[in-house]
Amino acid sequence: MTQSETSQPATRIEGRTFVIERAFDAPKELVYEAFVNPELLSKWWAPKPYTIPVCRIDLRPGGKWHYCMRSPEGQTQWVLGIYEEIRPVERVSYAITFADEQANPTDVIPKQEVTVDFADAGNGRTTLTLSFSLPTEEALHATLKMGMSEGTAMTLDTLEQEVLPTMKRG
């Protein structure tokens, strides 16, 4: 696999689930750490030009992932995830939705069930697969129209281009 192949995510829709898959030139321990460490995750999870000024992670089944995305104009959107499954360096799954600053869920968007798989791709490389399941196919298509695919691809670009190289340098 060449460098250009690692930069292009593969996407597909399976019923009410959107899947995005991308290979990274980094071992899965590093990719996993970038996904579960709040300091690291806040550097890449929001699509640019948004930032994540607050990111709290309680990484355990039933634990919360609560973060704030801020636009360049200063508008904020809080997001709440509840972890369901944690298999270190293999899989993380959670349910996620918009919330308020106190981590109370809102009904602005439908809740999504998300599974993140970290797979060894050989030669120190990792394939990251994110699966977002919505309650209905209609809800999935509405979410995709809001830019879910492009936003997720953008965050993965930042992970590859900015966060993982810094982590590899130690």
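All residue numbers in this chain count up from 1 along the given sequence. Here the structure is a predicted model, which is why all the values come from computation and not from measurement.
Met154 and Ile52 are assigned to two separate hydrophobic clusters, defined by single-linkage of ILVMFWY side chains at heavy-atom distances under 4.5 Å. A continuous path of Ile, Leu, Val, Met, Phe, Trp and Tyr side chains, each step under 4.5 Å between heavy atoms, connects Phe35 with Val89, placing both in one hydrophobic cluster. Both Trp65 and Phe118 belong to a common hydrophobic cluster when Ile, Leu, Val, Met, Phe, Trp and Tyr are linked at side-chain heavy-atom distances under 4.5 angstrom. Leu134 and Val19 are not part of a single hydrophobic cluster, where members link through side-chain heavy atoms under 4.5 Å apart. By the rule that hydrophobic residues join a cluster once side-chain heavy atoms approach within less than 4.5 Å of another member, Val116 and Ile86 end up as members of one cluster.
When all heavy atoms of Val36 and Leu59 are compared, the pair lying nearest together is CB-CD2, 3.6 Å. Nearest heavy-atom pair across Thr11 and Ser149 is CG2-OG, 4.1 Å. Pairing each heavy atom of Leu40 with each of Trp44, the nearest pair is O-CD1, 3.1 Å. When all heavy atoms of Thr17 and Ser131 are compared, the pair lying nearest together is CG2-CB, 4.1 Å. Here the closest non-hydrogen pair linking Leu156 and Phe24 is O-CE2, 3.7 Å. Considering every non-hydrogen atom in both Pro38 and Cys55, the closest pair reads CB-O, 3.4 Å.
With sequence neighbours excluded, no residue forms a side-chain hydrogen bond (donor to acceptor under 3.5 Å, both in side chains) with Glu150.
Taking 4.0 Å as the cut-off between side-chain N and carboxylate O, Asp157 and Arg22 count as a salt-bridged pair. Ion pairing between Arg60 and Asp58 holds under the 4.0 Å rule for side-chain N and carboxylate O.
For the pair Trp45 (side chain) and Tyr67 (backbone), a donor-acceptor distance under 3.5 Å is absent. Side-chain atoms of Ser71 come within 3.5 Å of backbone N or O of Glu73 as a donor-acceptor pair.
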**Request:** Give the intermediate values and the outcome of side-chain contact (heavy atoms from CB on, under 4.5 Å) for residues Thr136 and Arg16.
**Result:** CA-CA 5 Å; Thr136 64; Arg16 58 184 184 83; 5.7 Å; no
**side-chain contact (heavy atoms from CB on, under 4.5 Å) between Leu144 and Ile13, worked out** = CA-CA 10 Å; Leu144 288 168; Ile13 295 173; 3.5 Å; yes
**Request:** Step by step, work out the side-chain hydrogen bond (donor to acceptor under 3.5 Å, both in side chains) result for Ser93 and Thr115.
**Result:** CA-CA 4 Å; Ser93 67; Thr115 301; 5.0 Å; no
**Prompt:** Are Val79 and Ile96 close enough, and set up right, to give a side-chain contact (heavy atoms from CB on, under 4.5 Å), and what steps lead you there?
**Reply:** CA-CA 7 Å; Val79 181; Ile96 198 160; 3.4 Å; yes
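Distance CG/Leu164 to CZ/Arg169: 11.0 Å, rounded to 0.5 Å. With rounding to the nearest 0.5 angstrom, the OH atom of Tyr32 is 12.5 Å from the CG atom of Leu128. Remark: Thr152 OG1 to Phe18 CZ distance equals 6.0 Å, nearest 0.5 Å. In this structure, CD in Glu21 is found 3.5 Å from OG1 in Thr129, a value given to the nearest 0.5 Å. Rounding to the nearest 0.5 angstrom, the gap separating the CZ atom in Phe98 from the CE atom in Met69 is 5.5 Å. Here the straight-line distance linking atom CD1 of Ile20 with atom CE of Met148 works out to 9.0 Å at 0.5 Å rounding.
Just one residue in the list Lys168, Lys43, Lys48 forms a salt bridge (Lys or Arg N to Asp or Glu O under 4.0 Å) with Glu162, and that residue is Lys48.
At most 12 non-hydrogen atoms from other residues, nucleotides or ligands lie less than 6.0 angstrom from CG of Asp107. Taking a 6.0 Å sphere around CG of Asn123, one finds it holds 12 or fewer heavy atoms contributed by other residues, nucleotides or ligands. In Glu14, the CD atom is crowded: over 12 heavy atoms of neighbouring residues, nucleotides or ligands sit closer than 6.0 Å.
In this structure, Asp117 and Glu90 have side chains that are not in contact, with every pair of non-hydrogen atoms separated by 4.5 Å or more.
For residues 72-92, the ring pair (Phe, Tyr, Trp, His ring centres under 6.0 Å) pairs, not counting sequence neighbours, are His66-Trp78.
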